[in-house]
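Some notes on the structure that comes next.
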Amino acid sequence: MPRRRFDQNNDRVDYGELLSADAYYELDQAVGLTYSLDMEALMGIPLCLGMHGEMTTGRKNNPLYVLEAIRRTGKKLSIFCNVGCIKVPKAESRLYALLEDSIHEVRMPNYTNNFHPKLWVLQYHNIHDGRTLIKIVTLSRNLTFDQSMDVAVDMDGFVGNTINPKNQPIADLLTFVSQFDSNKNRYKQLIENVRRVESFNLLDCFDDYEFHPFGIYGKNDNKIKKVSSNVRRKNPREMFKDCYALLVVSPFLSETVIGDLLDDYSENPESGPVKRCLITRDTSVTKRIFDASNRREGDGVWVINPVLSSNDALEDGVTFGYADRDIHAKVYFTDKYKEPKRLYLGSLNASNNAFNHNVEFLLELVYKPYHASYWSVKDDFIPVNDEKNGCPFVQMTSFEQIEKADEKTEVDFRKVIYGVQSAEIIDTGGTFAIKVHCNKTYEGVTIRPFYVKTNIQALTEEVVFEDISLNNLSNMFILTKEGSECLIRLEISGMPSEEREEAIFNDIISNRPMFMTYMRYLLDEDFYDSVSFEEVLSQSKEAGDDSEGYGFAVEPDIYERMLKAAAEYPERFDSMYEVAEKIDDDKIGEEFKQLLELFIKAAGGKGKGRK
């Protein structure tokens with residue numbers, strides 16, 4: 001008997017581990033697609049991609065450690081999310097500013113449609129033989145701290161010399177999203193390498209795969225460039241129609257879609273799948289959906305077991321503000337006559353918007369013969385006989401049992417977001433002004449720069465924020481309407497990016513002891529394992545602003561570390577030099593600058609004049 005693939009107790013995966021490669025692979029580029037984005041969750045991505053080893057709480061709470069992770073990977077990272085779906089963080093950390101250029105909001109042709117895929121495409125190279133590895137991670141989870149039940153599949157393959165047509169849909173999806181980055185040329189090599197992946201590895205129960213992006217092909221629409229293709233692409237209804245057996249896992253539903261898939265509109269009572277099962281949220285079920293799922297030899301509707309809605313169910317006890325836990329996975333299993341059995345996973349809900357209007361993505365996996373059946377997959381998802389761990393779902397025995405709670409009406413910012421057109425930064429000599437342009441005045445809506453809480457203005461056709469300091473500049477803004485907030489990111493002209501980055505580095509590395517601690521880490525990656533940030537901070541406060549203050553963070557052992565690095569890891573001096581270039585001279589000291597230059601020259605580095 002094959003082992004279960006959807007065991008919520010034994011098949012749980014770590015988001016960071018899904019994205020990472022083995023230690024001897026170095027990241028070249030990472031592109032993430034998500035509907036919604038939590039800035040705090042985004043902060044963890046550079047930690048996963050840029051730093052090796054276990055991610056302890058102490059490391060995540062150490063701003064120097066996070067700063068180094070962003071320095072290593074920030075410019076290699078691109079995140080595309082649906083416009084207006086960035087969660088306003090509780091704390092407005094300056095570190096977020098270093099990731100702003102990595103975030104790109106996708107504005108669909110119509111504000112009622114959504115950019116909804118959940119996908120990662122990552123490129124690594126082997127530091128020993130130079131081989132290029134492409135990793136594809138398909139998820140149903142957004143880049144947030146949501147604790148709902150989701151699914152994920154990772155697959156990787158090496159880049160070869162010939163084009164593999166099977167990978168073209170991934171290349172097409174990357175081409176589509178690249179238009180929302182002002183520097184779209186940075187994706188060309190990644191797109192080409194994806195097309196040349198020889199094959200992606202699969203679990204032993206699968207024989208083949210296909211990639212299915214939806215909503216990106218066809219004619220250009222309202223200045224949004226669609227991808228032209230001579231290949232006929234399947235639509236979701238074709239994939240899931242005319243099945244002998246169909247299992248659907250989808251949190252959000254539309255009656256018309258479920259009716260189509262189950263052939264519920266036919267006058268023939270024997271039409272549609274013989275075996276059918278629906279796993280969803282109880283709030284998504286209507287009487288028609290309930291009846292359709294129980295017709296013929298249907299196994300009915302299953303919803304989350306109430307026991308799993310508590311934080312104790314997954315033994316974490318923390319939800320980071322996401323209190324509700326429910327099903328969020330999107331999975332389809334099909335068994336058609338004289339065809340292989342197939343499993344589809346990704347972002348596609350069984351809803352009208354998903355099937356007809358949104359940009360979505362599904363991964364199709366084809367089972368090997370005799371490796372799956374409707375009953376095995378259903379029992380995998382719904383282990384009713386698992387006495388040890390229990391079943392994560394319970395069957396809905398009647399439609400009348402549903403008690404739908406009153407849903408909180410969310411403020412709709414979509415029309416406002418589409419009305420905010422552009423922004424520019426003007427250097428006024430010592431400080432800056434930010435000018436925001438809108439298509440009209442929006443009554444009852446205010447706007448402010450992300451890092452300036454006190455400068456709040458009504459959203460009119462032209463809004464000007466004056467006297468903004470360098471380290472408070474941002475291309476993110478907060479809109480407020482009827483007591484609710486929305487975070488948006490704008491492509492902004494005139495941003496002094498390098499100067500702002502240096503100002504942020506100097507805010508975090510506030511004195512010489514902090515700088516020397518950073519240098520220690522660059523010389524010896526094990527340094528943070530033996531030193532707590534609280535200890536460094538304490539010593540830094542004792543040193544104050546005195547550039548000659550030493551304390552714990554500037555003990556003479558740094559010279560020994562530099563000698564060791566010169567012999568074993570001379571490339572680390574490049575990183576030290578890159579950081580030192582951003583830091584004010586009074587925090588570095590002339591003696592250390594000269595010492596660093598000496599080691600760089602001895603190691604064959606570039607030293608002065610590097611810029």
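Keep in mind that the numbers below use all heavy atoms, side chains included, and drop hydrogens, waters and symmetry copies.
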Tell me whether [X] is salt-bridged to [Y], with the criterion being a basic N under 4.0 Å from an acidic carboxylate O.
{"X": "Arg71", "Y": "Glu578", "value": "yes"}
{"X": "Lys564", "Y": "Glu560", "value": "no"}
{"X": "Arg141", "Y": "Asp146", "value": "no"}
{"X": "Asp221", "Y": "Lys226", "value": "no"}
{"X": "Arg448", "Y": "Glu92", "value": "yes"}

task: Hey, could you give me the CD1/CE distance between Ile558 and Met516, rounded to the nearest 0.5 Å?
output: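 Nearest 0.5 Å value for the CD1-CE distance: 3.5 Å.
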- request: Measure the acute angle between the ring planes of Trp120 and Tyr15, then classify it against the limits of 30° and 60° as parallel, tilted or perpendicular.
  value: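 The rings of Trp120 and Tyr15 stand perpendicular, inter-plane angle above 60°.
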query: Is Glu466 atom CD crowded by more than 12 heavy atoms from other residues, nucleotides or ligands, each under 6.0 Å away?
result: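 At most 12 heavy atoms, drawn from other residues, nucleotides or ligands, come within 6.0 Å of this atom.
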- request: Kindly determine whether Phe361 and Lys118 satisfy side chain to side chain contact (heavy atoms under 4.5 Å, CB included), including the steps that lead there.
  value: CA-CA 7 Å; Phe361 181 80; Lys118 298 95 167 62; over 6 Å; no
[X] and [Y] aromatic centres sub-6.0 Å:
{"X": "Phe450", "Y": "Phe477", "value": "no"}
{"X": "Phe573", "Y": "Tyr569", "value": "no"}
{"X": "His116", "Y": "Tyr35", "value": "yes"}

field: Derivation and outcome, salt bridge (charged side-chain N to carboxylate O under 4.0 Å, His left out), residues Glu192 and Lys188
entry: CA-CA 6 Å; Glu192 182 62 23; Lys188 285 186 175 181; over 6 Å; no
State whether a side-chain donor-acceptor pair under 3.5 Å links [X] with [Y].
{"X": "Asn439", "Y": "Tyr442", "value": "yes"}
{"X": "Tyr24", "Y": "Asn126", "value": "no"}
{"X": "Asn114", "Y": "Asn82", "value": "yes"}

Taking C-beta and beyond as the side chain, do [X] and [Y] meet within less than 4.5 Å on heavy atoms?
{"X": "Ile478", "Y": "Ile447", "answer": "no"}
{"X": "Val194", "Y": "Leu174", "answer": "yes"}
{"X": "Cys81", "Y": "Glu105", "answer": "yes"}

query: So, is the end of the Arg512 side chain (NZ or CZ) under 6.0 Å from the ring centre of Phe515 and within 45° of the ring's axis?
result: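 Because its charged atom misses either the 6.0 Å distance or the 45° angle limit, Arg512 does not stack over Phe515.
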task: Run the numbers on Glu26 and Arg72 for salt bridge (charged side-chain N to carboxylate O under 4.0 Å, His left out), then give the verdict.
output: CA-CA 11 Å; Glu26 185 174 310; Arg72 291 186 185 186; over 6 Å; no
field: Positive for side chain to side chain donor-acceptor pair (under 3.5 Å) with Ser474, one of Arg489, Arg500, Glu100
entry: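 Filter result, single survivor: Glu100.
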message: Test your reading of the model: is there a side-chain donor-acceptor pair from Asp427 to the backbone of Phe432, 3.5 Å cut-off?
response: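 Side chain of Asp427 to backbone of Phe432, a donor-acceptor pair under 3.5 Å: no, none is there.
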